[in-house]
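Take a look at the structure below.
These values consider heavy atoms only, across backbone and side chains, with no hydrogens, waters or symmetry-generated copies. Letters A, B, ... mirror the listed sequences (proteins, then strands); counts begin at 1.
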Amino acid sequence: MSARPGVPATPGQAAVLDAAFFARPAPEVAEALCGVLLARADEGLLARIVEAEAYTEDDPACHAHRRRTRANAPLFAAPGTAYVYRSYGVHWLFNVATGAEGRGEGVLVRAAQPLAGLERMRARRGARPDRELLRGPGRLAQAFGLDGSWSGVTLSDSPLDLLDDGLRPAVTAGPRVGIADAADWPWRFSVTDCPWVSRYVRSARAPARAR
DNA sequence: CTACCGATGCGCT
DNA sequence: GCGCATCGGTAGC
């Protein structure tokens, strides 16, 4: 059976991504995360990331843009630290800190293709099409059981890991989803023509697109 | 498929 | 109070 474009279903030999991978600028890391495996070892969950967005402290849409607070502190922590926050009072969104320690930046993991542990994901997500298990950052965090208790966790010391199995899919860059400030910065990266990618929704508060 | 809209916690102005 | 890095239900094409 044939795989979807650019995204084989079966992972090969995989190496855990180290701090050096995340120590680069967020846009570089966001692009490089497309095709990377997300694994939760304690629950047997595995998925391939197909979409990620970059946020930096020079970026008005970034939570670290104004100042460092208790809540956004993980963005300033060592590269490879998880930052999980609540959006709209309902959903949790999973990020990974990037850049040098002390720099307030990170990458939002927005969507992935489920590969293993689908029963557990379905149990958390409810009776919905498998296509929607990990399509969108709120859904992905819910399926993986990630909440505020994961914020500040160093991934290398946790059951949650990012792994490289050598896949290098074609990646497309475009504007980020749902933000009003810096709405047109092309910092959303996704696997080209991949059905697991979330749909683009422009913020209702974003200014009209330049043309 | 698209469009609309309410839910709901919390950090910030 | 205001404003979200979202989602799911409903209505309509």
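Listed by first then second residue, pairs satisfying side chain to side chain donor-acceptor pair (under 3.5 Å) with a partner in residues 93-110 of chain A read A:E51-A:R110, A:E57-A:R103, A:T98-A:E105, A:R110-A:S198, not counting sequence neighbours.
The hydrophobic clustering, which links ILVMFWY residues whose side-chain heavy atoms are closer than 4.5 Å, places A:V96 and A:W150 together.
DNA chain C contains the following stems of three or more consecutive Watson-Crick or G-U pairs, with both distances under 3.5 Å: B:1-7 with C:6-12, B:9-12 with C:1-4.
Side-chain N/O atoms of A:R66 include one lying less than 4.0 angstrom from OP1 or OP2 on B:dT13.
A heavy atom closer than 4.0 Å to some atom of DNA chain B occurs in no member of residues 25-36 of chain A.
Partners of A:E132 according to the salt bridge (charged side-chain N to carboxylate O under 4.0 Å, His left out) rule, which considers only residues two or more places apart in sequence or in another chain, do not exist here. Here A:D58 pairs with nothing under the side-chain hydrogen bond (donor to acceptor under 3.5 Å, both in side chains) rule; sequence neighbours left out. With sequence neighbours excluded, no residue forms a salt bridge (charged side-chain N to carboxylate O under 4.0 Å, His left out) with A:D157. In this view, A:Q142 and A:R125 satisfy the side-chain hydrogen bond (donor to acceptor under 3.5 Å, both in side chains) rule, not counting sequence neighbours. For A:D130, the salt bridge (charged side-chain N to carboxylate O under 4.0 Å, His left out) criterion is met by A:R122, not counting sequence neighbours. Scored by the salt bridge (charged side-chain N to carboxylate O under 4.0 Å, His left out) test, A:R128 finds no partners at all (sequence neighbours excluded).
Among the atoms of the strands shown, only primed sugar atoms or phosphate atoms (P, OP1, OP2) are found under 4.0 Å from some heavy atom of A:R67.
Through direct or relayed side-chain contacts under 4.5 Å between Ile, Leu, Val, Met, Phe, Trp and Tyr, A:V201 connects to A:V177, A:Y200.
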> Could you run down nucleotides 3-13 of chain C 5' to 3' and tag each one B, S or - for protein heavy-atom contact under 4.0 Å?
Replying inline: -BBBSSS----

Output side-chain donor-acceptor pairs under 3.5 Å for residues 85-94 of chain A, partner residues at least two apart or in another chain, one line each.
none

